[in-house]
Structures are given as structure tokens and as C-alpha cells.
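In what follows, every chain begins at residue 1, and chains take the letters A, B, ... in the order their sequences are listed.
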Amino acid sequence: MYHLIKTENHARRGCFETVHGTVQTPAFMNVATAGAIKGGLSAFDLKNNDCQVMLCNTYHLHLRPGDDKVAMLGGLHRFTRWNGPILTDSGGFQVFSLSKLRKITEEGVTFASHLDGRRIFMGPEQSMQIQANLGSTIAMAFDECMENPAEYHYAKASCDRTVRWLKRCKTEMQRLKQSGQAINPNQLLFGINQGCCYDDLRIEHMREIAELDLDGYAIGGLAVGEPKEEMYRVISVVEEHMPKDKIRYLMGVGTPGNILEAVRRGVDLFDCVMPSRNARHGHLNTWQGIINIKNAKYELDESPVDSECDCECCRNFSRAYLRHLFKADEMLGMRLAVMHNLHFYNHLMIRIRQALDEGNFDAFYRRYVDVLDRRI
RNA sequence: GUGGGUGUAGUUCAGUUGGUUAGAGCACCAGAUUGUGGAUCUGGGUGUCGUGGGUUCGAGUCCCAUCUCCCACC
């Protein structure tokens with residue numbers, strides 16, 4: 001259940017109540033693809049770095065260890081020891097991003113596993129079944145994330161099919177919960193808006209899925225190569241037609257600047273691989289901008305990554321040490337870097353919420369929107 | 001001590017009968033990365049060709065000396 005606490009223009013300050021705890025929004029969800037944050041972080045590290053929601057991947061966990069095994073082990077919460085809210089992606093995006101050999105029919109998608117190449121079929125019912133076995137707090141609808149650009153006629157047909165898939169997802173989810181097959185009997189379902197960059201398709205699709213009265217609504221199919229101005233425009237176009245009393249989730253976004261822009265346009269929830277992936281490559285977020293810790297200029301730099309940050313890395317270690325760990329390919333370097341970036345993102349959201357609480361989000365936005373994305 | 005071999009980028013090496021601005025892998029330097037493949041891609045040569053001299057229009061390449069390291073023999 002989403003509660004709107006306060007607004008500043010389109011920006012929203014709210015909270016989202018779930019059986020696994022309340023999420024203060026706007027919020028960023030930390031990505032733990034296969035039940036762990038890449039780079040060697042556990043659920044306890046997430047807790048210690050002010051993470052509110054862990055995001056796990058349906059597709060990856062289905063392949064390994066198998067959602068049936070996770071169910072036998074009591075579900076994702078018990079398996080990973082994360083006791084807060086978990087959102088599971090539907091697997092739809094992986095089907096389209098990881099697998100080249102795929103066939104889409106009304107029933108679902110047949111594609112090749114990226115692990116061993118075997119053929120896998122996934123449709124709305126399979127996705128719901130897997131997510132029910134995982135026992136996540138929030139399940140995402142199985143959708144088609146189109147490539148950009150896409151032909152208008154294809155995009156329209158795809159949107160229509162995604163609506164039909166969404167209805168099947170809702171029906172299957174209800175069946176699984178009623179028959180006691182879901183690990184989490186209170187599992188929530190979010191719908192996903194598609195429509196490429198065609199405003200009319202986006203609006204029509206949003207109106208259709210809004211009628212289904214789901215627990216939350218996501219905007220998908222963005223940040224897939226289109227110019228960021230185009231992304232912001234689509235967010236604004238869609239936002240106007242999103243239910244005001246439901247939480248809004250912008251999937252896969254993004255940079256700190258992207259998040260500030262999207263919050264300003266009324267988005268509540270985010271997830272992105274950038275903070276963790278960039279950290280693994282030595283790209284670290286700071287309140288001054290982005291640094292590449294591998295750069296030679298940090299070889300003798302005894303200052304912390306970010307003097308304004310109080311994460312484990314910045315409290316204890318120097319840029320010189322972190323650079324050395326990266327150059328020496330020591331696991332600790334990656335772990336500290338990922339920890340720092342996730343801490344940074346979670347604290348970016350904390351400061352956004354504070355700004356909204358105090359009614360000065362616009363000033364906060366103007367101060368940081370360009371600063372945080374620049375390379376220094 | 002004698003004989004043979006060796007020396008070119010940080011490193012391992014290539015470099016034609018002497019011919020334009022000495023190349024490759026790795027490393028290194030720098031950039032990209034948006035519902036995660038610790039992946040991948042893009043750009044950059046960073047050099048006293050061991051040293052000194054000689055031959056030549058021209059030397060990494062040929063000649064002499066010298067030094068280094070390796071091998072064999074005494």
C-alpha cells in the first residue's frame with residue numbers, strides 16, 4: 001500500500017508498506033541478480049549501507065540454483081538472509097537482452113539459455129510460477145522490452161500483447177496465492193508500461209494497465225539507447241496517466257542525474273546496475289562527480305574516495321590504497337568500491353527525501369543534477 | 001681464461017638482400033557501459049634498438065671495440 005506524504009510540484013515523497021517492511025520513497029533498489037550483490041556483498045552489507053529494497057533476478061535464479069530449490073529452502077528471504085522487501089524482475093528483460101535466439105508467440109518466448117544454450121520457454125504463467133517460488137515481496141509482470149527504435153506497427157502489436165500477458169500474470173498470481181503455492185501469500189504484482197518512444201502508444205498502454213488495479217506501476221523500455229531528453233519526455237508523458245495513489249517505478253535507471261530528473265517528474269522507485277557495475281570497473285560516485293580510481297593521479301592520494309561519505313571504504317581507506325587493490329586485482333578493492341557506490345546511491349535517496357520533507361527539493365535538484373554525472 | 005650465443009617498449013618477442021615515421025601480444029595510460037555475463041568495446045606507443053666508434057646517400061640490420069647475461073670447455 002502506497003501513501004503519499006508530500007509533493008513538490010510533480011516530485012513525490014511517500015512510503016510503501018509491505019509485509020517485509022515499509023519503503024520510504026523515493027527509493028533506490030540495490031541489484032542482487034543471483035541473490036548476492038556482485039562484488040562480494042551480502043544482505044548484511046546491504047543493511048549496513050542503508051539499502052531498503054533488494055532486487056533479484058527471476059531468470060538467473062530460475063537457471064541457477066532453480067526456483068524450485070529456492071522454494072524448498074524456504075524462499076529468497078530465508079535463502080539470502082535479507083529480511084526487507086525483495087523485488088524480482090520478471091525475466092522479460094533478460095530474454096531480450098541476453099539471448100539472441102528467441103521466438104516470440106502469443107503464448108510466450110522460447111529462447112536459449114546463456115549458460116548452456118538449452119532451449120527455455122517462458123511466458124506469463126512461468127514467470128509468475130517462478131516468482132511465486134522465489135517468494136519475493138514484489139513480482140514484476142512478464143513483458144516484452146522492445147529494442148529501440150522499433151517500428152510503430154510492431155510496437156503497437158507488442159504493447160497489445162504485453163497487456164494480454166499482464167492480464168494472464170494477474171490471473172496466474174491470484175491462482176497461485178489462492179492455491180497456497182506462493183511462498184509469500186501477500187506477494188504484490190507491478191505492471192509495466194511499454195510503447196517505445198511513441199507517445200500515443202505509451203499513453204494508451206498506461207491507461208489500459210491502470211484499469212487492472214495493480215499494486216504498482218513501472219515504466220519500462222527506457223534507457224535503452226535513446227537520448228536522455230527523449231527518456232525524460234516519455235516519463236512526463238506517461239506520468240500524467242499513472243494512478244496517483246500507486247507507487248511508480250522507473251526500471252533500470254540510472255545515473256544520479258537521471259534519478260533527480262525522474263524524481264522531479266514524479267517517479268518513486270529506481271533500480272540500476274550502474275552503481276555496482278561501474279564500481280567493479282573502478283568508476284566511483286562522489287558528491288563532486290565521478291572518479292576513476294584506477295587513474296594514475298590517485299597513486300599517492302591519501303584522501304578518501306569522498307570526504308562527505310561515511311561508508312566503510314571512505315571511513316577507513318585512502319584512494320591510493322583502493323587504487324592499489326584494483327591494480328593488484330584484489331577482491332577487497334571491488335567489494336569496497338561496490339559498497340561505496342551503493343552507499344552513495346542510498347544516501348542520494350536519503351538526501352532527496354530530506355529535501356522533499358523540507359520543501360527544498362528544487363534547490364537540491366539544481367545544485368546536483370549536473371554535478372553528480374560529470375567526470376572529474 | 002677459451003669458444004659459442006644473447007641484448008629492440010614495462011615484459012615476452014618480431015623486424016625481409018641495409019631503405020619512408022621501428023611493430024605485435026600482455027602490461028600500462030585513458031574513455032564507454034542504464035529492468036547485471038566480474039563481460040565486452042574504443043582510443044593511446046610509453047623506444048638513447050646495451051654502449052662507443054666505423055662503413056654507407058642511408059644502419060635495429062654490415063664491421064671493430066667494449067659491457068651484460070646464458071651455455072659449453074679448461
Side-chain angles (χ1 to χ4, degrees), chain A residues 28-41 53-61 63-64 87-100 112-117 127 131 136 138-146 148 190-194 216-228 230-232 235 249-259 261-262 267 269-283 285 290-299 323 326-335 337-338 341-342 345 373-376:
Chain A
F28 182 82
M29 301 186 284
N30 294 195
V31 181
T33 309
I37 302 288
K38 285 185 185 291
L41 276 66
V53 185
M54 181 167 86
L55 187 153
C56 294
N57 220 279
T58 290
Y59 168 77
H60 292 82
L61 291 166
L63 292 187
R64 198 167 49 192
L87 183 143
T88 42
D89 189 10
S90 68
F93 184 79
Q94 280 64 43
V95 167
F96 296 98
S97 68
L98 294 181
S99 173
K100 292 186 184 71
S113 159
H114 74 283
L115 293 181
D116 56 12
S127 179
Q131 295 184 75
S136 58
I138 302 160
M140 294 303 298
F142 185 75
D143 67 334
E144 176 184 353
C145 182
M146 281 173 281
N148 190 309
F190 284 13
I192 305 174
N193 172 252
Q194 292 290 345
Y217 288 93
I219 303 174
L222 291 181
V224 288
E226 78 284 359
K228 61 181 181 178
E230 185 83 340
M231 173 170 80
Y232 299 147
I235 294 169
Y249 164 28
L250 178 59
M251 304 184 80
V253 174
T255 66
N258 292 157
I259 290 173
E261 294 284 5
V267 175
L269 205 51
F270 302 87
D271 84 280
C272 191
V273 303
M274 284 186 98
S276 46
R277 178 182 289 164
N278 282 350
R280 293 200 300 277
H281 298 157
H283 293 218
N285 295 97
I290 299 166
I291 69 169
N292 182 352
I293 197 63
K294 290 191 282 191
N295 285 173
K297 61 184 172 184
Y298 301 121
E299 190 173 22
R323 173 183 143 86
F326 263 91
K327 304 307 287 185
D329 204 21
E330 283 290 343
M331 284 198 284
L332 179 61
M334 210 174 261
R335 178 175 144 78
V338 171
N341 271 6
L342 291 186
Y345 265 67
D373 284 3
R374 74 182 179 192
R375 303 235 8 166
I376 53 173

Inter-nucleotide P distance (B:G7, B:C70), Å rounded | 15 Å

Sticking with atom C1', work out how far B:G3 lies from B:U11, rounded to a whole angstrom.
-> 31 Å

Ignoring hydrogens and angles, does a donor from either the side chain of A:N278 or the base of B:U33 sit under 3.5 Å from an acceptor on the other?
-> no

Heavy-atom donor-acceptor pair, A:E144 side-chain to B:G35 base, under 3.5 Å = no

Distances under 3.5 Å between protein N/O atoms and the N/O atoms of nucleotides 10-12 of chain B, please, pair by pair.
none

Examine [N]: is either OP1 or OP2 under 4.0 Å from a nitrogen or oxygen in the side chain of [X]? Give yes or no.
X: A:H281; N: B:U40; value: no
X: A:K294; N: B:A27; value: no
X: A:R280; N: B:U33; value: no
X: A:N57; N: B:G35; value: no
X: A:N292; N: B:G31; value: yes
X: A:R277; N: B:A32; value: no

Represent RNA chain B in dot-bracket notation, 5' to 3'. Only Watson-Crick or G-U wobble pairs with both distances under 3.5 Å count; pseudoknot-style crossings use [ ] and interstrand partners use |.
-> (((((.(..((((.....[...)))).(((((.......))))).....(((((..]....)))))).))))).

